[in-house]
2 protein chains.
Amino acid sequence: MAGITIVEIAKRCGVGVSTVSRAINDHSDINPETKKRILEVIKETGYVPNNSARNLKRTDAKCIAVLVKGITNPFFTPMIQIAEQEAENRKYALVLRHVEAYEDELDVALELEKEKRLRGIIFMGGSSRHSSSKIKQLNVPVVFATIGSEVSEKLSKKEYSTVSVDDMLESRKMTEYLIGLGHKKIAILSEGSDKPSIVKLRLEGYIEALKANGIEINKNLIRLVDKRIYSMENGYQTTKALIESGEEFSALYCISDVLAVGALRAFADAGIRVPEDVSVAGFDGQDISRFCVPRLTTVRQPLEDISKATMKLLFDIIDGESGHRHIIFPGELIEGESTRKRS
Amino acid sequence: MAGITIVEIAKRCGVGVSTVSRAINDHSDINPETKKRILEVIKETGYVPNNSARNLKRTDAKCIAVLVKGITNPFFTPMIQIAEQEAENRKYALVLRHVEAYEDELDVALELEKEKRLRGIIFMGGSSRHSSSKIKQLNVPVVFATIGSEVSEKLSKKEYSTVSVDDMLESRKMTEYLIGLGHKKIAILSEGSDKPSIVKLRLEGYIEALKANGIEINKNLIRLVDKRIYSMENGYQTTKALIESGEEFSALYCISDVLAVGALRAFADAGIRVPEDVSVAGFDGQDISRFCVPRLTTVRQPLEDISKATMKLLFDIIDGESGHRHIIFPGELIEGESTRKRS
DNA sequence: CTGTTAGCGCGTTCAC
DNA sequence: GTGAACGCGCTAACAG
């Protein structure tokens with residue numbers, strides 16, 4: 001039976017619907033025995049309350065949402081796990097929603113806020129700049145995690161929060177690390193889209209570092225992957241093209257570890273040794289960077305810290321104990337086996 | 001304003017609520033001009049319809065759900081992408097839900113079915129055996145993708161569908177491939193939980209192959225990872241322990257590629273060469289198997305085919321054009337660089 | 001083409 | 001402690 005409702009349960013128990021409701025929702029003012037009886041019938045019947053109806057009525061749902069752009073991205077997994085844990089600790093429900101590439105994360109948020117009566121929203125991934133009007137429409141606090149503080153130029157920074165690393169700075173540090181190893185011809189694998197994004201900042205950091213060290217920018221060494229920055233295939237193909245172009249370089253910096261893994265493979269195929277012939281660096285500090293051969297030199301983002309801080313900040317804002325803030329965590333440059341001094 | 005509803009829009013436009021509803025839902029019988037006016041006001045206002053209320057009313061929502069157990073698992077990503085595409089082709093909405101480790105996927109399904117008025121459900125991952133009563137409570141067709149046909153012994157196979165590879169057979173094939181290379185002391189990394197699961201079948205296939213070839217089972221060579229089968233760390237640690245145990249073996253078969261990547265790293269750390277000193281094989285045929293160094297010998301699951309067949313089957317059942325079926329796809333043994341003849 | 005109205009299933013007042 | 005009645009926001013009949 002599809003149509004079994006609370007009314008049916010009430011009938012079978014010979015009680016009113018409100019009593020059943022009380023039983024379901026763990027209200028205090030109900031006779032323990034009646035409650036027990038009702039719960040039994042519910043179990044027998046296999047009755048499941050309709051969430052749509054509940055959400056429609058409920059006013060005090062302790063619920064927050066995490067919107068993740070790019071399901072392809074294993075990067076957020078650890079962050080999500082922590083978020084779920086923290087939410088549980090606070091007795092909050094957490095709805096997790098993947099935002100498709102073609103969807104606007106803010107539109108999704110708007111819908112979800114109405115549907116689930118959210119108290120707060122966390123964004124992971126996605127564009128780093130949004131229309132200020134939409135973000136204002138959200139009536140609940142918003143925190144962007146791992147998305148830098150350039151969310152919207154037009155919007156006061158007091159209207160949303162961010163928790164992230166300073167992508168440009170960290171990227172600059174990595175580039176300077178390579179320069180410090182004696183590399184001057186440093187190629188980079190970055191993103192090709194024209195949208196403002198976090199990875200664009202990494203490219204900028206690279207450019208800044210070169211300029212600051214008096215190294216001329218060679219456009220032939222800046223390689224943009226087609227679309228997905230978290231695709232080994234893209235890293236592989238782009239690196240292969242770079243190699244075949246004949247352009248000289250002694251180091252390759254990939255703005256994600258996943259791209260770097262593809263690059264490693266491309267070098268192996270070409271008989272180019274890493275790090276003897278060329279140094280390779282990644283970014284993110286994902287699991288794979290510790291397990292690939294050779295281990296990747298990379299910038300580790302402290303995802304646990306970021307995620308915990310995000311949750312704490314969100315709850316603080318919800319509880320009125322804080323205004324919006326912009327927290328920046330330092331990245332950690334991890335020296336793997338994929339880079340070495342230029343010989 | 002949180003509380004802006006369809007009534008408010010109707011008032012502002014000087015029309016009835018149903019007209020607004022018609023405008024929103026693209027009904028045909030509405031004056032284009034009124035519609036245009038209404039949509040404008042909606043845009044100005046930033047009005048967003050409440051999905052809970054919609055779902056409550058709607059009866060014909062063309063909507064299916066995909067429930068994925070184990071958010072940690074990148075394995076399903078390509079399958080999900082295809083599913084979304086196919087759903088869109090059919091003008092179906094697709095809700096994607098991640099099922100947490102502690103949740104029962106069938107409970108989640110039950111809830112979701114009521115909440116969203118689903119027409120069908122697809123399960124990916126999770127337990128391979130379910131209570132027959134719960135599965136019967138689902139009033140819509142159910143297809144298990146990549147979960148073999150042992151879903152429930154008590155339940156008639158006519159009550160649900162499955163689309164998958166034959167995990168036991170494929171696993172046996174891989175093991176026999178290794179045996180064919182001259183390996184006799186073949187270690188395996190498998191799962192430790194006691195729940196029936198797909199990966200258990202892979203272990204069984206391994207055992208069968210050994211028996212069929214007159215090789216005695218050495219329990220010291222059967223290593224069970226703690227929990228997550230898709231964790232490089234687990235693969236690394238378990239392999240490390242295996243190496244340190246001093247037990248002799250010339251090949252290691254990991255029941256997932258991700259475990260195998262961890263294993264590769266462990267061998268590298270121990271100065272053991274792959275495949276010169278030891279052969280390593282994986283299972284699944286995930287991206288990483290093509291990009292790691294050395295490339296993994298693995299069994300590729302035809303995820304695209306499985307996903308497409310799953311969708312087609314589900315829609316056929318929904319449309320009454322098919323009963324429940326159990327489709328098995330062959331896996332493809334891919335020879336990488338990680339295995340070779342025992343010297 | 002459009003407005004009015006009746007529920008969808010439930011949580012929540014209120015009386016009792 | 002419990003039940004009756006109301007309404008959450010919306011869609012789908014039904015009239016016009």
Side-chain angles (χ1 to χ4, degrees), chain A residues 1-39 42 45-63 93 110-118 139, chain B residues 1-39 42 45-63 93 110-118 139:
Chain A
M1 284 299 193
I4 180 160
T5 78
I6 197 173
V7 181
E8 179 66 22
I9 302 293
K11 274 184 195 161
R12 296 207 190 192
C13 297
V15 299
V17 287
S18 56
T19 308
V20 178
S21 174
R22 281 190 272 266
I24 297 173
N25 296 297
D26 265 336
H27 272 250
S28 49
D29 52 348
I30 180 173
N31 186 318
E33 287 184 24
T34 359
K35 179 172 174 179
K36 194 181 163 193
R37 216 178 66 235
I38 293 173
L39 291 181
I42 287 181
T45 329
Y47 162 69
V48 178
N50 182 317
N51 272 326
S52 289
R54 303 183 105 174
N55 292 327
L56 200 52
K57 274 306 288 187
R58 247 206 282 267
T59 128
D60 70 322
K62 290 174 71 171
C63 183
L110 250 15
E111 265 192 41
L112 216 53
E113 184 194 340
K114 293 246 175 171
E115 181 176 344
K116 306 276 187 186
R117 316 252 165 181
L118 302 179
N139 303 298
Chain B
M1 285 296 195
I4 180 158
T5 77
I6 196 174
V7 181
E8 179 67 23
I9 302 294
K11 273 185 196 159
R12 297 207 189 192
C13 297
V15 299
V17 286
S18 58
T19 308
V20 178
S21 175
R22 280 191 273 266
I24 297 173
N25 296 296
D26 263 337
H27 273 250
S28 49
D29 51 349
I30 181 175
N31 186 318
E33 287 184 23
T34 358
K35 180 173 173 179
K36 196 181 163 194
R37 216 178 66 235
I38 292 173
L39 291 182
I42 287 181
T45 331
Y47 162 70
V48 177
N50 183 316
N51 271 326
S52 289
R54 302 182 105 171
N55 292 327
L56 200 53
K57 242 343 252 187
R58 246 206 283 262
T59 127
D60 70 323
K62 289 174 71 170
C63 183
L110 250 13
E111 264 192 40
L112 216 53
E113 185 194 339
K114 294 245 177 175
E115 182 176 343
K116 305 275 188 185
R117 317 254 163 173
L118 302 179
N139 303 298

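Sequence lines set the chain letters: A, B, ... in the order given, protein chains first and strands last, and positions in each chain run from 1. Atom set for the values below is all heavy atoms of this structure, side chains included, hydrogens, waters and symmetry mates excluded.
Protein atom CD of A:Glu8 is 12 Å distant from nucleotide atom P of C:dG9, rounded to whole Å. When rounded to the nearest whole Å, the span between NE2 of A:His27 and P of C:dG11 equals 8 Å. In this structure, B:Ile4 atom CD1 and D:dG9 atom C1' are separated by 13 Å, rounded to whole Å. Between the CG atom of B:Leu56 and the P atom of D:dC10 there is a distance of 12 Å, given to the nearest Å. As a whole-Å value, the separation of B:Arg58 CZ from C:dA6 P is 23 Å. If you take CD of B:Glu115 and P of C:dC10, they are 12 Å apart, rounded to a whole angstrom. Put simply, CZ on B:Arg22 is 10 Å from C1' on D:dA13, counting in whole angstrom units. In this structure, B:Lys114 atom NZ and C:dC10 atom C1' are separated by 12 Å, rounded to whole Å.
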Checklist entry - What's the verdict on salt bridge (Lys or Arg N to Asp or Glu O under 4.0 Å) for A:Glu8 and A:Arg12, showing C-alpha distance, side-chain angles and the deciding distance? => result CA-CA 6 Å; A:Glu8 179 66 22; A:Arg12 296 207 190 192; 3.0 Å; yes
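Residue whose closest nucleotide on DNA chain C sits further toward the 5' end, between A:Val7 and B:Val15: B:Val15. Residue B:Asn31 is the one, among B:Asn31 and A:Val17, whose nearest nucleotide of DNA chain C lies closer to the 5' end (criterion: closest heavy atom). Between A:Pro32 and A:Lys57, the one whose closest nucleotide on DNA chain D sits nearer the 5' end is A:Pro32.
Residue A:Asn55 is out of contact with every strand shown, counting any heavy-atom pair closer than 4.0 Å.
The side chain of A:Arg54 sits closest to C:dG11 out of D:dT11, D:dT2, C:dG11. You'll find that the side chain of B:Arg117 is closest to C:dG9, out of D:dG9, D:dT2, C:dG9.
Residue-to-nucleotide contacts include a donor-acceptor pair under 3.5 Å from the side chain of A:Ser18 to the base of D:dA4.
The shortest side-chain heavy-atom distance between B:Asn51 and B:Glu115 does not fall under the 4.5 Å cut-off.
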